[in-house]
Amino acid sequence: MNEFNRNVGMQAETDLGLRNFMLGTYRYMMMAMGVTATVAYFFGQYLLVNPSVAAVIFSPFVLLGFVIAIPLVFGAIGRKLPSMSLGGVVTFLVAFAAFMGVFLSAVSIAYNPMIIAKIFFMTVAMFAGLSLFGYTTQRNLGTFVKYAFIAFLAYVVINVVGAFIPGLRPTGPLDMIINLVALGAIAMITAWETQMLKRVYYGSAGNPAMMSKLSAFGAASLLLAFINMFQILLSLFGRE
């Protein structure tokens, strides 16, 4: 009986620790979203009076550099995570959030604020549902996520090629199909990332310093998934 009570107590402690870890990750993510939204708005206002800067920032070559830089930066930070301080990881999160705000600034000036708000809340609802699914499911999503990554990579390549060669940019029903496939892919990736955060927690249990850094780093990854989801939904439902 004592052994049973001890096991139950350990399970309850683990569940509480996991919940606190996940809540901490989402708090970091919400802070980062605030940074992204603030930068997007104010930088968008700056671009309105400096269109030449916008032409440079949103040029195809800068877009290509942006696409290449993201996985490289995440990989570099992930490898250095054990030796980094929590302050260093949080600085990376804030800098990444601001960087994403620069590229979302075009949205703040190209779309009606009411449409942006509608798509934002649609994204929040979808993201929350997918995170809950990833948190609660017992099925290993890694079996499926590799196909999601391939599909999403194809979507990115199509967009980059379309930026360089506008004539190859998909339009009409084909564009909608591609965006729907990309939405399904990022949905699977989001659920998988939440599931991976649980595994990360169990793998670093007993190391509070490392868990705090993993929480902030995980928030950056979730923020990227959220922004990708937002942009795809905007492409699908943001037309007036």
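Heads up: numbering here begins at 1 and tracks the sequence. Computed from heavy atoms alone, side chains included, the values below leave out hydrogens, waters and symmetry copies. Just so you know, these numbers come straight off a predicted model, no measurement behind them.
Aromatic ring pairs are classed by plane angle as parallel below 30°, tilted from 30° to 60° and perpendicular above 60°; the pair Phe61 and Phe164 is perpendicular.
Side-chain contact between Ile150 and Tyr155 is absent, with no heavy-atom pair separated by less than 4.5 Å. The side-chain heavy atoms of Met210 and Leu81, taken from C-beta on, include a pair separated by under 4.5 Å. Side-chain contact between Trp192 and Phe149 is present, with at least one heavy-atom pair separated by less than 4.5 Å. Within the 4.5 Å cutoff, the side chain of Met188 has no heavy atoms near those of the Leu130 side chain. Ile158 places a side-chain heavy atom less than 4.5 Å from the side chain of Pro170. Looking at heavy atoms from C-beta onward, Met29 lies in side-chain contact with Phe127 at the 4.5 angstrom threshold. In this structure, the side chains of Leu183 and Ile186 come closer than 4.5 Å at one or more pairs of heavy atoms. Contact of the Met126 side chain with the Phe230 side chain is not registered, since no non-hydrogen atoms from C-beta on lie closer than 4.5 Å.
A pairwise comparison of heavy atoms in Ser212 and Leu86 identifies O-CD1, 3.6 Å as the closest pair. Of all heavy-atom pairs spanning Gly238 and Ile119, the tightest one is N-CD1, 4.4 Å. Residues Leu63 and Val160 approach most closely at CD2-CA, 4.4 Å, considering heavy atoms. The heavy-atom pair separating Thr190 from Met229 by the smallest distance is OG1-CE, 3.4 Å. Residue Leu47 comes nearest to Ser105 through the heavy atom pair CD1-OG, 3.4 Å, listed as atom of the first residue, atom of the second, then distance. Shown here for Arg169 and Ala163, the closest heavy-atom pair between the two residues is NH2-CA, 3.7 Å.
Hydrophobic clustering keeps Val90 apart from Leu23 (ILVMFWY residues linked when any side-chain heavy atoms are closer than 4.5 Å, directly or through intermediates). A single hydrophobic cluster is not seen to contain both Ile177 and Leu180; linkage of ILVMFWY side chains at heavy-atom distances under 4.5 Å, directly or through other members, places them apart. Hydrophobic clustering (ILVMFWY, side-chain heavy atoms < 4.5 Å, transitive): Leu72 and Val67 are in one cluster. Cluster annotation: Leu153 and Tyr147 are assigned to distinct hydrophobic clusters (Ile/Leu/Val/Met/Phe/Trp/Tyr, side-chain heavy-atom contacts under 4.5 Å, transitive). A single hydrophobic cluster is not seen to contain both Phe42 and Val102; linkage of ILVMFWY side chains at heavy-atom distances under 4.5 Å, directly or through other members, places them apart.
Here Lys213 contributes atom NZ and Ser204 contributes atom OG; the two are 10.5 Å apart, rounded to the nearest 0.5 Å. Taken from CE in Met33 to OG1 in Thr123, the straight-line distance is 8.5 Å, to the nearest 0.5 Å. In this structure, NZ on Lys198 lies 7.5 Å from OG1 on Thr136, to the nearest 0.5 angstrom. How far CD of Gln45 is from CZ of Phe43: 12.0 Å, rounded to the nearest 0.5 Å. Between atom CG of residue Leu234 and atom CE of residue Met122 there is a gap of 10.0 Å, rounded to the nearest 0.5 Å. In this structure, OG1 on Thr91 lies 10.0 Å from CD1 on Ile77, to the nearest 0.5 angstrom.
Aromatic ring centres of Phe103 and Phe99 lie closer together than 6.0 Å. In this structure, Phe92 has its ring center closer than 6.0 angstrom to the ring center of Phe74.
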For this session: Evaluate the criterion side-chain contact (heavy atoms from CB on, under 4.5 Å) for residue pair Thr194 and Met22; output intermediate values, then yes/no.
Result: CA-CA 9 Å; Thr194 306; Met22 296 300 293; 3.8 Å; yes

Exercise. Please walk me through it: do Leu197 and Leu222 pass side-chain contact (heavy atoms from CB on, under 4.5 Å)?
Worked result: CA-CA 10 Å; Leu197 280 171; Leu222 290 176; 3.7 Å; yes

For this session: Apply side-chain contact (heavy atoms from CB on, under 4.5 Å) to Ile232 and Phe152, showing your working.
Result: CA-CA 11 Å; Ile232 295 169; Phe152 191 75; 4.0 Å; yes

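Panel note: side chain Ser59, backbone Val56; a donor-acceptor pair is recorded below 3.5 Å. Between the side chain of Asn112 and the backbone N or O of Met114, at least one donor-acceptor pair lies under 3.5 Å.
Applying the ring pair (Phe, Tyr, Trp, His ring centres under 6.0 Å) test between Phe21 and each of Tyr202, Tyr26, Tyr201, Tyr28 identifies Tyr201 as the sole match. Partner of Gln195 under the side chain to side chain contact (heavy atoms under 4.5 Å, CB included) criterion, out of Asn140, Val145, Val200: Asn140 alone.
Residue Tyr135 qualifies as enclosed at atom OH: its count of foreign heavy atoms under 6.0 Å is above 12.
At least one test fails for Lys118 against the ring of Phe237: distance under 6.0 Å to the centre or angle within 45° of the axis.
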